[in-house]
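Structure record follows, encoded as structure tokens.
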Amino acid sequence: MNASDAKRFEFPLWLRNRWGTIGLAGIVYTLAFAAWTIWGGEENSRLISNLAFFPISLFAVAAGARVAASTDLERRLRRAWIVFSLSIAVLLIGDAIFTSFDLVLALPEDNSLYYMVDVFYLAFYPLTLAGLLLLPCAPLSRSDRLKFALDLLIVITAAWMVVWYFVVSPAASESDLISQLFAAIYPIGDLVLLGGIVSMLMRRPDVATRSSLTIFLIGLSCFVAADLISAYTTLAQREVRGDPVSTGWLMAYVLFALAAIRQSHPLVDSMSEKLSVYVLERLSPILPFAATMLGYSLVIFVAGAEFSLGAQGVLFSAILLTVFVISRQVVTLRENTRLNAELRAWSETLEKRVEQRTFELQQSQEALLASQKLASVGTLAAGVVHEVSNPLTTIVTATEAMQGELTDKGQVSVETLEMCLPLVDRAASHATRIVQTLRNYSRGGQQELARHSLTEVARDALLLMGYQLKGWGKVRLVTQYDPDLPKTLCDRNQIAQVIINLLVNARDAMPDGGIVTLKTGRTPTEAILEVTDQGIGIPPESLEKVFDPFYTTKEIGHGSGLGLSIVKWIVQAHKGTVQAHSDGPGRGATFTVALPLEEAQ
């Protein structure tokens, strides 16, 4: 055997620890017990059969409790395993009581005290069902719930036919009413478990539970099979070689423990996970068809024993016709499965393409924003130079005055310093603020969110536009600021660009002059910025188009039609809204920007 072969036969990772080793030993233990029941002697058989359950059941309870105590798992999953541990624990208690009655007290089999054991055994069924229902599964739509209910009823009905004919019906001949009751109640409990098994197979269990659930369901199947074999052999008074009932129960305990161990190691990409997915996806669709075939097979069996030859032929033909119909449905199901797989593949491809196009669109919008900002910086730069030249002239004048006095008198008087230094300080601060504002505005890159007041941002924007505003001629700007406006989370530079774009748009809308009003305010949940002009207005049919890219009413060469579209993009990126209002042509327009206040967010 080479290295690759050795690696191929390695145990799964979740079995390569102390708990996994004990679980594998439990399988060997169960196989040894099965061999003993076949080839072993009769000596101490009752003692061994009774005591054999305790090591495995204790281990299963401990493994389940370990999962229930794990803080790494989802709370609902932990609750499910608490219930599973309790269900196995009640079996353990029942075994302990039965062993004490059988071996210690040596009570006869018909003693009524044994019904106390049945109470604990029967508690296993509702507890296990409750645990299965607690496991997380994919939600079902209304139509899926209807199909699920019908499929579940098909499987349960077919199983009930078998249980009724071979187990419950023979029990009705018992003279003892209590014996009849308990002979029927265990198969009914098995049907409850079978319903839970089918339910989990059809409800698409969560990815975190698929592998462990597959093992657990196999264990439940062993338990139900052993129950039914026990009921049938007891009622039919048939003897079988060995003890398949006790072996089935023991194997169920082992598989319960292995399921708990697997749950503690959620390895999504493991081989057991892929096998579980394959089993669950392949088995659940065929269960209703398999149940239907089982029911009809039983009908054929009963018909062969009790019907005439003619009735048997007609019934056999009907069964054959049903088989053909079911086969046709299976073919349709397989075709639907293939089409669904292709549809899912196309859907995933479409999602990837949409994500790619969305990314490209975002990149284009950012590039457009950067281009428009660069154009604005170029326009503002000339005005900034002029604005900075005024304070620099003041600084130069004050400096020359102090230099002249120093040259003439050899020193600068205190009076001159008290007069010149404040002028220099104010002029330098003013120039620094202008340059810093322009530098911040021209800075590109990702959105930088911080807490700012729209009033502060508006003042900075007007500081940048100071020189431009002087050249507006007949257009006059009026400001109405809310000095106590709360701060909102925004990118100061981008909101400044919004204000500049809106003001430039308002100026262009008033070729004959007028008043532009810049106003800040608030509602209980939003900070408001309004720009109102007395210009040419907007026709009602154009109000929805003004924010569209490249839409403009200006002459060719006098506007790109991007200013307002960039305003809308920036505002929406801030989770805000921008609206245009106009009473019609010649009646001006108002643009309102609303951003959520930080306290509202």
Side-chain angles (χ1 to χ4, degrees), residues 12 73-74 76-77 132-133 135-155 197-215 217 262-263 265-293 323-369 446-447 544-545 547-550 565 568-569 572-573 575:
L73 299 177
E74 181 187 350
R76 183 175 179 180
L77 187 57
L132 290 174
L133 296 178
L135 289 173
C137 294
L140 298 176
S141 64
R142 179 178 298 181
S143 60
D144 287 339
R145 285 196 295 270
L146 178 59
K147 290 186 289 186
F148 163 74
L150 292 174
D151 288 344
L152 183 61
L153 289 174
I154 290 172
V155 175
I197 295 172
V198 175
S199 173
M200 294 310 300
L201 287 174
M202 294 181 175
R203 287 175 57 205
R204 297 189 300 271
D206 187 74
V207 65
T209 62
R210 280 198 292 247
S211 291
S212 60
L213 180 62
T214 302
I215 300 173
L217 294 183
R262 181 64 181 88
Q263 186 64 74
H265 296 79
L267 305 174
V268 177
D269 294 329
S270 66
M271 181 60 67
S272 59
E273 175 67 22
K274 295 177 182 178
L275 180 61
S276 300
V277 172
Y278 180 82
V279 170
L280 293 176
E281 289 184 351
R282 295 287 181 175
L283 185 59
S284 56
I286 67 173
L287 277 176
F289 302 112
T292 304
M293 294 301 299
V323 170
F324 292 151
V325 173
I326 292 178
S327 300
R328 178 64 181 86
Q329 294 300 318
V330 170
V331 172
T332 303
L333 179 64
R334 293 182 61 182
E335 180 66 15
N336 290 340
T337 303
R338 183 185 64 81
L339 293 175
N340 286 333
E342 293 180 359
L343 183 60
R344 284 195 299 268
W346 276 107
S347 176
E348 293 174 359
T349 302
L350 182 60
E351 288 179 2
K352 292 179 180 179
R353 290 181 178 177
V354 170
E355 290 177 359
Q356 179 65 23
R357 293 295 184 267
T358 303
F359 175 75
E360 293 174 357
L361 179 60
Q362 184 178 2
Q363 294 291 101
S364 300
Q365 289 175 330
E366 292 176 355
L368 182 62
L369 176 61
Q446 296 295 323
Q447 191 180 62
E544 296 296 329
K545 301 177 182 178
F547 296 106
D548 292 345
F550 306 109
S565 66
K568 182 178 181 180
W569 180 76
Q572 288 181 341
K575 299 180 181 179

Positive for side-chain contact (heavy atoms from CB on, under 4.5 Å) with L217, one of T214, L213, I215: L213

Which heavy-atom pair separates S212 from R262 by the least distance, and what is that distance? N-CG, 3.8 Å

Counterpart residues, side chain to side chain contact (heavy atoms under 4.5 Å, CB included), relative to E74 (two or more places apart): R76, L77, P136

Side-chain donor-acceptor contacts of residues 340-354 below 3.5 Å, not counting sequence neighbours, with atom names and distances?
from: N340; atom 1: ND2; to: N336; atom 2: O; distance (Å): 3.1
from: E342; atom 1: OE2; to: R338; atom 2: NH1; distance (Å): 2.6
from: T349; atom 1: OG1; to: A345; atom 2: O; distance (Å): 2.9

